[in-house]
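One structure is given here, and the rest of the page talks about it.
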Amino acid sequence: MTEGTGRRIAPEELRSHQWYGTDGLRSFSHRARTRQLGYLPEEHLGKPVVAILNTWSDINPCHVHLRDRAQAVKRGVWQAGGFPLEFPVSTLSETFQKPTPMLYRNMLAMETEELLRSYPVDGAVLLGGCDKSTPALLMGAASVDLPTVFVPAGPMLPGHWRDEILGSGTDMWKYWDDRRAGLIGDCEMGELENGLARSPGHCMTMGTASTLTAAAEALGVTVPGASSIPAVDSGHDRMAARSGLRIVELVWQQLTLSRILTADAYEDAVATVLALGGSTNAVIHLIAMAGRSGVKLTLDDFDRVARTVPVLADLRPGGKYLMEDFHFAGGLPGFLARLTDVLHLDRPTVAHTTMREQIEGAPVHNADVIRERADPLAEEGGVAVLRGNLCPDGAVIKHIAAEPRLLRHTGPAVVFDDYKEMQRTVNDPALALTPDHVMVLRNAGPKGGPGMPEYGMLPIPDYLLKQGVRDMVRISDARMSGTSYGACVLHIAPESFVGGPLALVRTGDLITLDVEARLLHLDVTDEELEARRSAWTPPPARYGRGYGALYQDQITQADTGCDFTFLARPGEVPDPYAG
């Protein structure tokens with residue numbers, strides 16, 4: 001049993017008691033309005049009030065089942081003697097939201113923080129899973145610091161096409177390139193359209209969603225094994241109910257989120273992501289999440305840890321299996337049991353006194369999916385951090401998903417000033433692109449995108465695809481989907497829109513990528529770069545008003561997590577006066 005304050009608090013020490021339990025006009029009003037909602041006094045008075053923050057939406061296929069899961073959470077809360085209240089919050093759908101849900105991650109974080117702070121709740125259960133929802137919910141909750149449990153949405157079922165098993169995202173990119181290369185036609189694409197994503201749940205590859213929910217479990221904010229349970233499996237319903245049971249006990253113990261989200265927990269989450277061969281997006285999100293927890297996490301920490309952990313999960317896009325295979329091979333408990341020498345095992349989780357207790361004896365049932373340490377998929381973690389005159393504040397590459405021949409490469413740049421220009425011109429034979437060229441996209445970063453869209457897997461020209469080319473070095477200040485693959489250098493900081501060196505690259509300049517040396521270098525003299533910088537003029541702001549204007553005024557760069565300056569800085573926020 002996890003310990004918080006070391007004792008069980010009394011009912012009058014509950015945070016919700018300020019709203020309901022005092023002898024005053026406001027407390028009388030709160031009780032009367034709760035009767036208006038149809039609740040009896042004995043249903044809620046003196047009991048932990050649990051907020052269930054639900055990112056369900058009709059247009060979010062990753063979360064479309066969470067309306068039902070919220071009922072299972074409520075069931076668990078009721079059974080444990082708590083009082084559940086469901087709150088709808090913003091849904092961030094990677095599939096549909098434009099220009100990118102990354103633009104709105106911090107908005108959901110703000111909504112989470114302010115809902116939990118302003119209402120009479122003692123603890124929270126967070127329901128999410130699609131890429132940006134996991135970090136957003138945990139960032140907001142960390143800023144409030146109540147007892148909290150995270151319920152991952154879970155991966156969808158494997159896709160199917162004819163006799164082939166499909167991975168969402170990863171196989172979409174693959175077969176779209178096959179269509180552009182003339183290898184398959186519209187009939188095949190129609191069949192793929194019906195078979196690629198065949199149930200509720202997030203991507204079932206080790207994309208950003210699976211990476212971030214695994215990170216949440218490694219941080220210790222889920223019940224054990226939660227992150228890999230398929231969304232439509234009955235075990236997912238049971239996990240949601242178990243989370244409802246657990247949050248009530250956490251409230252009585254006052255085990256707040258800050259006791260879980262420690263520096264050791266974040267380092268273990270980094271090790272987990274790297275050993276999974278996880279998404280590059282996790283770099284940005286974990287840095288932002290750690291910042292909200294008062295923990296300084298940097299790109300250098302990722303690179304340092306990457307050199308100490310092997311890749312042990314044979315999962316797409318870097319491997320061959322899918323999340324259902326991973327789940328039945330042992331899930332994250334079995335996976336973490338392979339990494340005990342690099343983890344901090346004496347830290348608490350929401351379910352156990354220590355992580356050691358949580359994963360002790362966890363079995364691995366399939367060593368092809370979760371590899372032995374002596375048989376890794378790769379000797380080092382799946383993400384490398386690059387430095388050089390083209391990215392003085394850093395860049396990242398998921399090198400295990402790239403063709404090895406490109407991990408040390410020098411080639412001439414071909415520059416696209418924005419994504420729309422790239423779409424219009426990339427197939428123009430006049431560009432005379434060859435497999436040796438380095439494709440450069442700029443003005444796609446946090447401010448330039450806006451929102452740093454997943455444009456980083458630049459499409460290879462049709463005429464090269466028809467020649468059999470499937471990978472080229474591609475460089476941008478954008479992100480890319482965690483389901484993507486290729487020699488894509490991402491998150492270049494500072495971004496081109498604010499005058500970073502990427503803004504100064506010209507077509508024909510030689511660029512060197514050397515992953516082993518952790519180098520990204522533009523072969524231009526310092527004097528020439530300075531002359532180009534003097535001639536550069538900033539582009540106009542993207543937004544004149546609204547949330548976008550707040551975003552562009554407050555957003556930080558990729559290397560520091562793309563949080564808002566006013567949210568990331570330290571400072572006290574008082575609890576509201578409820579009387």
Side-chain angles (χ1 to χ4, degrees), residues 53-64 66 87-117 124 126-144 150 152-153 202-203 207-209 211-213 216 279-289 291-292 419 443-456 477-482 491 495 497 541-558 560-568:
L53 270 57
N54 194 348
T55 53
W56 169 88
S57 167
D58 271 335
I59 201 169
N60 191 336
C62 305
H63 294 179
V64 72
L66 291 185
F87 291 76
V89 291
S90 301
T91 191
L92 304 183
S93 173
E94 194 65 47
T95 311
F96 292 104
Q97 196 168 24
K98 306 297 180 187
T100 167
M102 184 65 177
L103 187 70
Y104 302 104
R105 183 199 69 182
N106 296 340
M107 185 172 75
L108 175 54
M110 284 195 294
E111 185 179 17
T112 298
E113 176 177 352
E114 298 308 326
L115 277 175
L116 295 179
R117 195 186 307 281
L126 314 173
L127 276 63
C130 192
D131 297 9
K132 314 306 174 293
S133 62
T134 299
L137 290 165
L138 287 170
M139 287 164 67
S143 295
V144 183
F150 183 76
H202 59 66
C203 292
T208 304
T211 301
L212 266 296
T213 54
S279 169
T280 50
N281 285 304
V283 178
I284 292 175
H285 295 314
L286 282 172
I287 288 173
M289 292 161 63
R292 294 296 191 93
Y419 193 70
N443 296 315
K447 291 192 176 186
M452 208 178 178
E454 293 183 340
Y455 293 162
D477 44 17
R479 298 176 300 113
M480 79 174 184
S481 168
H491 309 179
E495 64 175 307
F497 197 82
R542 298 291 197 197
Y543 294 94
R545 60 164 301 281
Y547 172 77
L550 171 67
Y551 174 92
Q552 70 190 12
D553 180 60
Q554 291 290 325
I555 196 69
T556 65
Q557 290 292 294
T560 53
C562 295
D563 202 354
F564 285 168
T565 302
F566 75 95
L567 294 175

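Heads up: numbering here begins at 1 and tracks the sequence.
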Taking all heavy atoms of [X] and all of [Y], pick out the closest pair and write down the distance.
| X | Y | answer |
| --- | --- | --- |
| Pro99 | Pro450 | CG-O, 3.8 Å |
| Ser93 | Pro61 | OG-CD, 4.1 Å |
| Ala216 | Thr134 | CB-CG2, 4.3 Å |
| Leu127 | Leu137 | O-CD1, 3.7 Å |
| Arg292 | Ala109 | NH2-CB, 4.0 Å |
| Ala209 | Cys130 | CB-CA, 4.4 Å |

Ignoring hydrogens and angles, tell me if any N or O in the side chain of [X] forms a donor-acceptor pair with the backbone of [Y] under 3.5 Å.
| X | Y | result |
| --- | --- | --- |
| Asn54 | Phe87 | no |
| Thr112 | Ala141 | no |
| Thr211 | Ala282 | no |
| Asp477 | Ala444 | yes |
| Lys447 | Gln552 | yes |
| Gln557 | Glu495 | yes |
| Arg105 | Cys562 | yes |
| His202 | Gly129 | no |
| Thr91 | Thr55 | yes |
| Thr556 | Thr565 | no |

Nearest-0.5 Å distance that lies between atom [atom1] in [X] and atom [atom2] in [Y]:
| X | Y | atom1 | atom2 | result |
| --- | --- | --- | --- | --- |
| Leu103 | Arg542 | CG | CZ | 11.5 Å |
| Met107 | Leu92 | CE | CG | 7.0 Å |
| Phe150 | Thr213 | CZ | OG1 | 7.0 Å |
| Met102 | Asn281 | CE | CG | 7.5 Å |
| His491 | Thr280 | NE2 | OG1 | 4.0 Å |

Quiz item: In terms of the angle between their ring planes, are Tyr104 and Tyr547 parallel, tilted or perpendicular, with boundaries placed at 30° and 60°?
Solution: parallel
Practice problem: Among Ser481, Cys203, Pro135, Ser279, find the residue that satisfies the side-chain contact (heavy atoms from CB on, under 4.5 Å) test when tested with Thr208. | Solution: Ser279
Looking at side-chain heavy atoms only, is the closest gap between [X] and [Y] below 4.5 Å?
| X | Y | answer |
| --- | --- | --- |
| Leu212 | His285 | yes |
| Pro446 | Tyr551 | yes |
| Met139 | Glu113 | no |

Quiz item: Please walk me through it: do Val89 and Leu126 pass side-chain contact (heavy atoms from CB on, under 4.5 Å)?
Solution: CA-CA 10 Å; Val89 291; Leu126 314 173; over 6 Å; no
Quiz prompt | Test log, rule side-chain contact (heavy atoms from CB on, under 4.5 Å), inputs Asn106 and Asp563 | solution = CA-CA 7 Å; Asn106 296 340; Asp563 202 354; 3.7 Å; yes
Exercise. Identify which one of Glu94, Glu454, Arg479 satisfies the side chain to side chain donor-acceptor pair (under 3.5 Å) criterion when paired with Thr100.
Key: Arg479
